[in-house]
Structures are given as C-alpha cells and as structure tokens.
Amino acid sequence: MNNEQAEKDSFDVIVVGGGPAGSACAALLGRRGLGVLLLEKQKFPRDKICGDAVSGKAMKVLTELGLHEESAKLPHGDICGVIFSSPSGKSAKIDFPSSDPVRKGTGYCCRRELHDNLLFQNAKKYAKTIEGFAVNELVWEGERVVGVKGMNSASGSEEEYRAKVVVGADGVGSVVARKTGRQQKDTKHLCQAFRGYYKNVSGTSNNMEIHFVKSVIPGYFWIFPLDGETANVGIGMITEDVAKKKINLKQAMLEIIENNPMFKERFANAQLIGEIKAWTLPFGSKIPQIYGDGFLLLGDAASLVDPFSGEGQGNAMTSASVAARVIAVAIKQDDVSAKYLFSYQEELLKEIKAELDTSYTLQRLGRVTWILNLIVEKAARNKEVRDTISGMLANQEAKKEFMSPAFYLKLIFS
Ligand SMILES: Cc1cc2nc3c(=O)[nH]c(=O)nc-3n(C[C@H](O)[C@H](O)[C@H](O)COP(=O)(O)OP(=O)(O)OC[C@H]3O[C@@H](n4cnc5c(N)ncnc54)[C@H](O)[C@@H]3O)c2cc1C
C-alpha cells in the first residue's frame, strides 16, 4: 500500500455532507479525538433553501459546540412569538417565554448561507474537510459499508476513502440513504416548499408568521423576519396533497402575495431578491431504519423534519449530537455492527419521538378548517387561551394537550 492510499484508509469516521447535521457531527467527533473526514459537495459559504428559523433545540447543540455566542453575532431576526392566522382570516399572536441570557428571543432567523458557514468553518478545526467532493458510491465489504467513492472537483478525478464508520448527512437526496435502501419515498411524509427573500414587507415584527390561507389548506404560507428589512417568505404542502390538488405552489404563493386582502398591502412596496426556489422536506412522521453495519444517517438523510412546523435544523443537530456519542463508544469497543449502532436510533427516538408524534397529530388537525378557525379565533379573543397555547408550545409534556379532546371542548366553551 502506498502512502497516499494509507492516508485515505486512516479515518475513524467519514461524514458525507457539511450541513448542520454533518458539520455538528464532524466537530463533536473530532473533539472526542477521533480521526474524521468531512466530504462536502459544494463550496462554503453556500445557500440552502430554508425558512432560516433556528429553534431552541438547535441552540442547545450550538451551545454544546461552543457556538451559541458567536451565532448571536451573525445578522439575524430575533423570534419572540408566533402569529397564526386562520382560513377565516382571523389572527392571534402567541408570545414565547424567553430565559436565554444571550438572545432576546427563544429562537431566531438567520440566513443559512451565514449560519451553515459558521458550523462548517468550526468543523474544519476538528476534521479534515474536502469541499467540492460529491460522493456517488459506497464501498462495501460484504454487508458492511467501509468507505465512499466520489468525484473531487479540485483534482477532477474519482477518489476512494475508507473509515470504520460512514455517516450520511447529505440531506434529502442522500446518496448514503439511497445506496443503503433507507431513502424516504412516501409522498405522505414528504413536503414540497418554495422560499423567496423579500425586502420591505410592511408590518413584520419579532414574530414568525404562519398563515393557514384557505387556498392552500392543507399547507401554510409563512413570513419570517430576517436581518433588517428582509423577510423569508414561503409556502409548503405535503407532496401527496400537491399532486392530489394539482396545485402549482409557486403560483399559489404569488397569488397570496399579490391578491389576498390580508397580504397585498403588506407586499405593495416589497421587492423579491433573487428567485423563488423549491426544495423537499422529509418529515419525521415516518422514520426508516437509520443505521446498519458500518453506517448511520443524520438529519434530512434520516427523515427527521418536524411534520407540523417544518423545522429540521434542531433534529438534524440533535441527531449529530447523539450519533457522535454512540460512534465514539462503538469505535472504542471496536463494534460498528448494526447490532451496536442500533442504539443510535433508540437513543435519538427517546429524545425526539414524542414531539414528532405530537407534531404529526397537529399537522393532521391542521387539515380541518373548522379546528384551525376555532383555535385562532378563540386565541385572538382570549388572553387565557393565548397563555395556555404559549405554555403548550414551550413545553413538550404540555404540548400533548393538543391531542386531548378536553382541550378542544374547553376552547368551544371558553
Ligand atoms: C423551504 C424550506 C423551509 C424550511 N424551513 C426551515 C426552518 O425555518 N427552520 C428549520 O430548522 N428547518 C427548516 N427546513 C428544513 C431544513 O432546511 C433541513 O431540515 C436542514 O437543512 C437539515 O440539515 P442537514 O444537515 O440534514 O441537511 P442539509 O442542510 O441539506 O445539508 C446537506 C449537505 O450535504 C451536501 N451533500 C449533498 N449530497 C452530497 C454528496 N453526494 N456528497 C457530498 N455532500 C453532499 C449538501 O451540499 C449539503 O451541504 C426547511 C426546509 C425547506 C426546504
């Protein structure tokens, strides 16, 4: 074996994809003293189509990475609450309680171009990274994944790297998920979404806005405040519903912006910056097996997006944190078999499954127009209802109340 090949075989872990999941995982593994290779198809800073909202869950892993304060220095919009509007056109503002010492809100919106770059540059301190490297094949020994092959754009040639564990953090179109037969294909659990950046949308505040507009039920239109005068504006709907309704989502979004009485004044002086672009969200309402002999899947590659809010960075980074813990022990014990890596899925689901189940219930309820009208109209009129919902959104245990018929009966008679 020559020196060059020996170097290519000397990694403990190969991480494919340098988004929030891959960059967080590579850094956390490197900090544990493991030899990590992070392979990323694009060159950073790069854009990722997203609503740009960062939740408390993602902030927890940013803290674990030591990036919480640095992330607060990036241009962003603080999030102190959420405004919901119902198909009947009523709206209610729910405040989020905040106890964060660094930030004003419980969450924030920051362009992925900047936020992901912070995470990726941090990963570079702990892992060997190659940008412009598109993985296109896995290397197998029998049933076990032992490495990857791909095109290195710098050398213009195919290269092969080997490691004890391969981590697929390569997003919704994951090569690692596809080649191991783990890709999410069920259109009931995939969501299509469009996003555009708009300048000068009037009436924005430190609140996320989620609007259940009649023409796009089941689905929603959002306006999230970004840095200064810019807003992240988008629309999303389950892929199966898009096909059934034969709806052109981009047209539906432009129709809302230009003609809906709730929004046309607000967008009268707004300018679209760049293009409106689409991407897919793989929902965690159906999670495949996300481990096997010598490999694990994280984030969108593992189909972990919250099926109600569409928030995926939090679970992507949580999966990175859990995977780093499990892989470090697996390598120490010299057991990277599916039998051992099973504990990754088990531990991850312990952390996120209850919330995913509640969110899936909320998503199903969001298909029922009268329920949306009832919740938003009552919240608009009644502070006690708003406070109850605020507490429920902030607390996982309390969130389960959304699944209880008693909650809706109380609403009807409040
Ligand atoms: C329109 C829209 C709005 C959204 N809004 C929000 C929101 O407001 N908040 C939120 O938290 N989430 C939101 N999400 C979800 C969120 O964007 C994802 O859940 C999140 O990006 C998942 O992170 P990840 O690291 O798993 O994957 P990604 O961020 O997709 O990163 C994957 C990385 O892998 C690289 N890659 C891909 N293929 C290869 C390959 N073959 N070889 C090497 N590298 C490869 C890619 O270039 C990319 O850098 C939204 C998604 C969409 C589409």
Side-chain angles (χ1 to χ4, degrees), residues 14-26 37-59 61 77 79 107-113 115-117 119-120 123 129-138 148-153 166-179 190-196 208 210 220 222-224 226 232-237 239 249-250 253 276-284 290 297-307 309-320 323:
I14 293 171
V15 179
V16 183
S23 288
C25 191
L37 173 65
L38 172 60
L39 299 171
E40 165 56 47
K41 181 164 78 170
Q42 300 193 54
K43 298 215 167 119
F44 276 75
R46 59 100 178 95
D47 185 25
K48 157 75 178 77
I49 300 159
C50 187
D52 297 330
V54 182
S55 66
K57 206 190 275 182
M59 282 154 76
V61 184
I79 298 297
Y108 57 97
C109 289
C110 177
R111 282 169 191 271
R112 292 287 298 272
E113 191 175 345
H115 206 261
D116 285 15
N117 193 42
L119 285 160
F120 187 77
T129 51
I130 308 181
E131 290 172 71
F133 190 105
V135 169
N136 52 32
E137 196 52 81
L138 298 179
V148 300
K149 288 180 190 168
M151 173 58 75
N152 188 339
S153 66
V166 171
V167 173
D170 44 346
V172 67
S174 170
V175 171
V176 184
R178 187 156 34 88
K179 298 283 178 185
L190 292 168
C191 173
Q192 193 181 322
F194 283 81
R195 175 224 68 186
M208 301 167 79
I210 293 184
Y220 67 73
W222 75 78
I223 304 174
F224 294 168
L226 267 173
N232 180 316
V233 179
I235 196 164
M237 189 183 274
T239 306
L249 267 191
K250 185 176 169 187
M253 174 171 157
I276 295 172
K277 293 182 183 167
W279 200 248
T280 300
L281 297 89
F283 280 164
I290 52 177
L297 301 171
L298 313 182
D300 279 14
S303 197
L304 299 180
V305 177
D306 185 291
S309 66
E311 198 246 322
Q313 297 184 78
N315 285 346
M317 292 172 74
T318 303
S319 68

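Order of listing sets the numbers, starting from 1, for every ligand and every atom in it. A quick note: this is a predicted structure, and the numbers were derived from the prediction, not measured.
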Numbered atoms and elements of ligand 1 in range of [X], under 4.0 angstrom, heavy atoms:
{"X": "Val175", "answer": "41 (N)"}
{"X": "Gly299", "answer": "26 (O)"}
{"X": "Asp52", "answer": "7 (C), 8 (O)"}
{"X": "Ala169", "answer": "32 (C), 33 (C), 34 (O)"}
{"X": "Phe133", "answer": "42 (N), 43 (C)"}
{"X": "Gly19", "answer": "25 (O), 31 (O), 33 (C), 49 (O)"}
{"X": "Arg112", "answer": "16 (C), 17 (O), 20 (C), 21 (O), 29 (O)"}

- Query: With a 4.0 Å cut-off on heavy atoms, is Ala134 touching ligand 1?
  - Reply: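 Per 4.0 Å heavy-atom rule, Ala134 contacts ligand 1.
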- Residue-ligand contact Gly234/ligand 1, heavy atom below 4.0 Å: no
Distance-only, no hydrogens or angles: does the [X] side chain make a donor-acceptor pair with backbone N or O of [Y] under 3.5 Å?
{"X": "Ser303", "Y": "Phe283", "value": "yes"}
{"X": "Ser319", "Y": "Gly299", "value": "yes"}
{"X": "Thr239", "Y": "Leu190", "value": "yes"}
{"X": "Gln313", "Y": "Ala53", "value": "yes"}
{"X": "Asn315", "Y": "Val305", "value": "no"}
{"X": "Asn232", "Y": "Phe224", "value": "no"}

- Step by step, would you call Val135 with Asp170 a side chain to side chain contact (heavy atoms under 4.5 Å, CB included)? CA-CA 9 Å; Val135 169; Asp170 44 346; 5.7 Å; no
- Message: Test side chain to side chain contact (heavy atoms under 4.5 Å, CB included) on Asp300 and Ser174; report intermediate values, then the result.
- Response: CA-CA 8 Å; Asp300 279 14; Ser174 170; over 6 Å; no
For ligand 1, the portion of [X] having any non-hydrogen atom under 4.0 Å away:
{"X": "Ser55", "answer": "neither"}
{"X": "Leu39", "answer": "backbone"}
{"X": "Asp300", "answer": "both"}
{"X": "Lys48", "answer": "side chain"}
{"X": "Val305", "answer": "side chain"}
{"X": "Phe224", "answer": "side chain"}
{"X": "Leu281", "answer": "side chain"}

Please report whether ligand 1 has a polar contact with [X], defined as an N or O pair separated by less than 3.5 Å (distance criterion only).
{"X": "Ala193", "value": "no"}
{"X": "Gln313", "value": "yes"}
{"X": "Trp222", "value": "no"}
{"X": "Leu298", "value": "no"}
{"X": "Phe194", "value": "no"}
{"X": "Arg46", "value": "yes"}
{"X": "Asp116", "value": "no"}

Heavy-atom closest contact ([X] atom, [Y] atom, distance):
{"X": "Leu298", "Y": "Ala320", "value": "CD1-CA, 4.0 Å"}
{"X": "Val172", "Y": "Pro282", "value": "CG2-CG, 3.6 Å"}
{"X": "Ser55", "Y": "Gly314", "value": "OG-CA, 4.2 Å"}

Return the option from [options] holding the heavy atom at the smallest distance from [atom].
{"atom": "atom 41 (N) of ligand 1", "options": "Val176, Val135, Asn315", "value": "Val135"}
{"atom": "atom 49 (O) of ligand 1", "options": "Gln42, Glu131, Glu40", "value": "Glu40"}
{"atom": "atom 6 (C) of ligand 1", "options": "Ala24, Cys50, Pro20", "value": "Cys50"}
{"atom": "atom 12 (N) of ligand 1", "options": "Ser303, Gly107, Gly312", "value": "Gly312"}
{"atom": "atom 13 (C) of ligand 1", "options": "Gly310, Gly22, Gly51", "value": "Gly310"}

- Give me the ring orientation class for Tyr108 and His115: parallel if the planes are under 30° apart, tilted from 30 to 60°, perpendicular past 60°. tilted
Working to the nearest 0.5 Å, report the span between [atom1] of [X] and [atom2] of [Y].
{"X": "Lys277", "Y": "Lys48", "atom1": "NZ", "atom2": "NZ", "answer": "11.5 Å"}
{"X": "Phe44", "Y": "Glu113", "atom1": "CZ", "atom2": "CD", "answer": "10.5 Å"}
{"X": "Ile49", "Y": "Leu281", "atom1": "CD1", "atom2": "CG", "answer": "10.5 Å"}
{"X": "Arg195", "Y": "Met253", "atom1": "CZ", "atom2": "CE", "answer": "9.5 Å"}
{"X": "Lys57", "Y": "Met317", "atom1": "NZ", "atom2": "CE", "answer": "12.0 Å"}

- Task: From the options Lys179, Lys149, Arg178, select the one residue that forms a salt bridge (charged side-chain N to carboxylate O under 4.0 Å, His left out) with Glu137.
- Result: Lys179
So which protein heavy atom does [atom] come closest to, and at what separation?
{"atom": "atom 36 (N) of ligand 1", "result": "Asp170 CB, 3.9 Å"}
{"atom": "atom 45 (C) of ligand 1", "result": "Lys41 CB, 3.6 Å"}
{"atom": "atom 25 (O) of ligand 1", "result": "Ala21 N, 3.0 Å"}
{"atom": "atom 34 (O) of ligand 1", "result": "Gly17 CA, 3.2 Å"}
{"atom": "atom 27 (O) of ligand 1", "result": "Gly171 CA, 3.8 Å"}
{"atom": "atom 9 (N) of ligand 1", "result": "Ala53 O, 2.8 Å"}

- Message: What verdict does the side chain to side chain contact (heavy atoms under 4.5 Å, CB included) test give for Val166 and Val148, after you've listed the backbone C-alpha separation in whole Å, the side-chain angles of each residue and the deciding distance to 0.1 Å?
- Response: CA-CA 8 Å; Val166 171; Val148 300; 3.9 Å; yes
